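Keep in mind that what you see is a predicted model, and the values were worked out from it rather than measured.
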Amino acid sequence: MRNTITLVAFGLLVSLPAHAETNLELAELPSQGHYLTDGSGRSLYIFSADKKGSGESACFDQCARAWPPVVTEGEPSLSGGLVESQVGHIKRKDGKVQMTYQGHPLYYFSMDKGSERASGHGKEGFGGKWLLLGGDGKPLTEGVKGP
């Protein structure tokens with residue numbers, strides 16, 4: 001049975017995986033290309049306020065409630081041509097271990113409902129922009145709205 005975290009964001013009750021330890025996969029938005037998801041198909045985002053490779057996240061407190069970090073307790077398996085050597089981890093101020101891909105800390109968006117949703121793509125908030133991350137480690141910049 002998969003553990004979940006339940007949180008209240010924007011007045012809505014949302015359940016998110018407690019950790020992503022099984023898979024990192026790629027999904028596709030026809031107009032934007034391939035992007036990272038977890039093993040259940042939930043979209044993974046990066047935050048432009050994070051400094052790539054710095055080993056730190058710029059998203060805490062209210063930000064982390066709206067954009068929960070992808071925390072991990074193990075190494076994921078990868079599919080779709082993703083590269084194991086590009087997966088990393090940073091230790092958050094709260095002591096949790098957050099997954100990174102090519103130096104980018106990874107996040108969920110609490111308003112995404114179910115798999116293959118990318119409603120957070122292109123949103124601005126908490127001092128930066130939120131974007132889907134391509135399997136090549138580059139943020140998707142085409143079309144700022146998800147499906």
Side-chain angles (χ1 to χ4, degrees), residues 1-10 12-48 50 52-60 63-123 125-126 128-147:
M1 180 189 302
R2 180 174 285 218
N3 294 329
T4 60
I5 296 173
T6 301
L7 62 117
V8 177
F10 306 112
L12 299 171
L13 193 59
V14 180
S15 291
L16 297 173
H19 51 82
E21 65 180 342
T22 56
N23 291 316
L24 279 183
E25 301 173 350
L26 290 175
E28 182 178 6
L29 291 175
S31 65
Q32 299 162 340
H34 291 89
Y35 64 95
L36 268 70
T37 67
D38 71 2
S40 64
R42 289 189 63 98
S43 298
L44 303 180
Y45 298 88
I46 63 168
F47 184 35
S48 67
D50 287 337
K52 180 181 174 185
S54 72
E56 296 180 2
S57 169
C59 182
F60 293 94
C63 177
R65 286 188 285 282
W67 297 92
V70 177
V71 295
T72 183
E73 295 175 356
E75 296 300 321
S77 63
L78 307 174
S79 63
L82 297 173
V83 180
E84 185 176 335
S85 64
Q86 300 303 315
V87 176
H89 306 90
I90 59 172
K91 192 163 190 175
R92 296 179 54 80
K93 291 179 184 177
D94 62 8
K96 294 179 181 173
V97 177
Q98 183 174 0
M99 186 181 298
T100 65
Y101 191 79
Q102 288 201 5
H104 296 283
L106 300 175
Y107 303 88
Y108 294 103
F109 180 43
S110 63
M111 300 302 288
D112 280 348
K113 303 294 180 230
S115 64
E116 298 183 20
R117 300 285 184 200
S119 60
H121 183 60
K123 292 206 179 288
F126 301 102
K129 194 169 204 172
W130 299 89
L131 298 168
L132 295 169
L133 184 64
D136 61 359
K138 296 178 183 172
L140 300 184
T141 56
E142 295 292 321
V144 294
K145 292 186 180 181

**OP:** Please step through ring pair (Phe, Tyr, Trp, His ring centres under 6.0 Å) for the pair Y108 and W67, ending with a clear verdict.
**Re:** CA-CA 5 Å; Y108 294 103; W67 297 92; over 10 Å; no

Heavy-atom pair of closest approach, residues [X] and [Y]:
{"X": "E56", "Y": "I90", "result": "C-CD1, 3.8 Å"}
{"X": "G135", "Y": "L82", "result": "CA-CD2, 3.6 Å"}
{"X": "D50", "Y": "A58", "result": "OD1-N, 2.6 Å"}
{"X": "A118", "Y": "L29", "result": "CB-CD1, 4.2 Å"}
{"X": "T37", "Y": "A27", "result": "CG2-CB, 3.6 Å"}
{"X": "S43", "Y": "Y35", "result": "OG-CE1, 3.3 Å"}

Original post:
Is it true that atom NZ of K91 has more than 12 heavy atoms of other residues, nucleotides or ligands lying nearer than 6.0 Å?
Top reply: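 Counting other residues, nucleotides and ligands, NZ of K91 stays at 12 neighbours or fewer.
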
Contact check, side chains of [X] and [Y], non-hydrogen atoms, under 4.5 Å:
{"X": "K96", "Y": "P69", "result": "no"}
{"X": "L24", "Y": "L78", "result": "yes"}
{"X": "P105", "Y": "F47", "result": "no"}
{"X": "L36", "Y": "I46", "result": "no"}

Original post:
Q98: what forms a side chain to side chain donor-acceptor pair (under 3.5 Å) with it, not counting sequence neighbours?
Top reply: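 R92.
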
Kindly say whether [Y] contributes a backbone atom to a donor-acceptor pair with the side chain of [X] at under 3.5 angstrom?
{"X": "S48", "Y": "G128", "value": "no"}
{"X": "H89", "Y": "V97", "value": "no"}
{"X": "Y101", "Y": "G134", "value": "no"}

Original post:
Quick one: ring pair (Phe, Tyr, Trp, His ring centres under 6.0 Å) partners of Y107, sequence neighbours excluded?
Top reply: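 Applying ring pair (Phe, Tyr, Trp, His ring centres under 6.0 Å) to Y107 gives W130.
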
Kindly compute the distance separating [atom1] ([X]) from [atom2] ([Y]), expressed to the nearest 0.5 Å.
{"X": "L133", "Y": "L106", "atom1": "CG", "atom2": "CG", "result": "6.5 Å"}
{"X": "F109", "Y": "S119", "atom1": "CZ", "atom2": "OG", "result": "5.0 Å"}
{"X": "K138", "Y": "L131", "atom1": "NZ", "atom2": "CG", "result": "14.5 Å"}
{"X": "H104", "Y": "M99", "atom1": "NE2", "atom2": "CE", "result": "15.0 Å"}

**OP:** Taking side-chain contact (heavy atoms from CB on, under 4.5 Å) as the test, write out the residues that go with S79, two or more places apart.
**Re:**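 Partners of S79 by the side-chain contact (heavy atoms from CB on, under 4.5 Å) criterion, ordered by chain and then number, come out as E25.
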
Original post:
By side-chain contact (heavy atoms from CB on, under 4.5 Å), which residues pair with E28, not counting sequence neighbours?
Top reply: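 Testing E28 for side-chain contact (heavy atoms from CB on, under 4.5 Å), a comparison that skips the adjacent residues, returns H34.
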
